[in-house]
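Each remark here refers to the structure printed beneath this line.
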Amino acid sequence: MKRKHLKESIRGHMSEWRVRLLLNDWTMHVIWYNGQIDGGHENAAALSTPDWRYMEATLSFNLQKMALLSKIEVERVVVHELLHCLTSAAVKRVGSNHDELLVTRLALILVP
């Protein structure tokens with residue numbers, strides 16, 4: 001998938017799932033990377049840094065990794081990252097093993 005279409009797809013999923021997950025009142029910043037995400041795990045397709053106190057999050061997408069995924073996997077990654085916004089107030093550390101397991105399972109339930 002070309003980068004332009006990939007970005008449009010990600011934006012579309014974000015728009016839809018922000019409504020479905022009741023995150024429309026959150027401020028979302030999106031950063032696009034053409035390779036590894038700064039400060040992120042080298043294999044990460046995306047990374048979310050939510051701040052539940054201010055209902056604000058930055059979502060970073062590695063377009064090289066995202067381009068390797070199927071359409072359903074792209075959607076699931078977007079949902080996974082948005083779910084971090086919902087779980088961030090309840091977990092000790094966003095991205096911990098427990099948090100990752102929780103949002104991965106929830107994303108698989110929502111986007112089978």
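Counting begins at 1 with the first residue of the sequence. In this text, all values refer to a predicted model and were calculated from it rather than measured experimentally.
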Checklist entry - Is the backbone of Leu63 close enough, under 3.5 Å, to the side chain of Arg3 for a donor and an acceptor to pair up by distance? => result no
Next on the checklist: Does any part of the side chain of Phe61, heavy atoms only, come nearer than 4.5 Å to the side chain of Val78, both counted from C-beta?
Outcome noted: yes
Checklist entry - Within a radius of less than 6.0 Å around CZ of Arg105, do more than 12 heavy atoms belonging to other residues, nucleotides or ligands occur? => result no
Checklist entry - At what distance, to the nearest 0.5 angstrom, does OG of Ser15 lie from CG of Asn24? => result 7.5 Å
Next on the checklist: Could you report the tightest heavy-atom contact between Ala46 and Val77, atom names first, then the distance?
Outcome noted: CB-CG1, 3.6 Å
Checklist entry - Going by heavy atoms in the side chains, are Leu21 and Leu110 under 4.5 Å from each other? => result yes
Next on the checklist: Less than 4.5 Å apart, side chain to side chain, heavy atoms only: is that true for Ser9 and His13?
Outcome noted: yes
Next on the checklist: Same cluster or not: Ile72 versus Met14, using hydrophobic residues (I, L, V, M, F, W, Y) connected whenever any side-chain heavy atoms lie under 4.5 Å apart?
Outcome noted: yes
Item to check | Sequence-distant partners of His80, ring-ring contact (aromatic ring centres under 6.0 Å, His included), two or more places apart | outcome: His84
Atom pairs and distances, donor-acceptor, side-chain atoms in residues 50-60, under 3.5 Å, two or more places apart:
| residue | atom | partner | partner atom | Å |
| --- | --- | --- | --- | --- |
| Asp51 | OD1 | Arg53 | N | 3.2 |
| Asp51 | OD1 | Arg53 | NE | 2.9 |
| Asp51 | OD1 | Arg53 | NH2 | 3.4 |
| Asp51 | OD2 | Arg53 | NH2 | 2.7 |
| Glu56 | OE2 | His29 | NE2 | 2.7 |

Checklist entry - How long is the gap from CD on Glu75 to CG on Leu69, to the nearest 0.5 Å? => result 12.5 Å
Item to check | Minimum heavy-atom distance Ser88-Trp26, with the two atoms named | outcome: OG-CH2, 4.1 Å
Next on the checklist: Are more than 12 heavy atoms, taken from residues, nucleotides or ligands other than Asn34, located less than 6.0 Å from that residue's CG atom?
Outcome noted: yes
Checklist entry - Under the 3.5 angstrom rule, does the side chain of Asn62 hit a backbone N or O of Gly35 as a donor-acceptor pair? => result yes
Next on the checklist: Regarding Arg20 and Glu16, does a basic nitrogen lie under 4.0 Å from an acidic carboxylate oxygen?
Outcome noted: yes
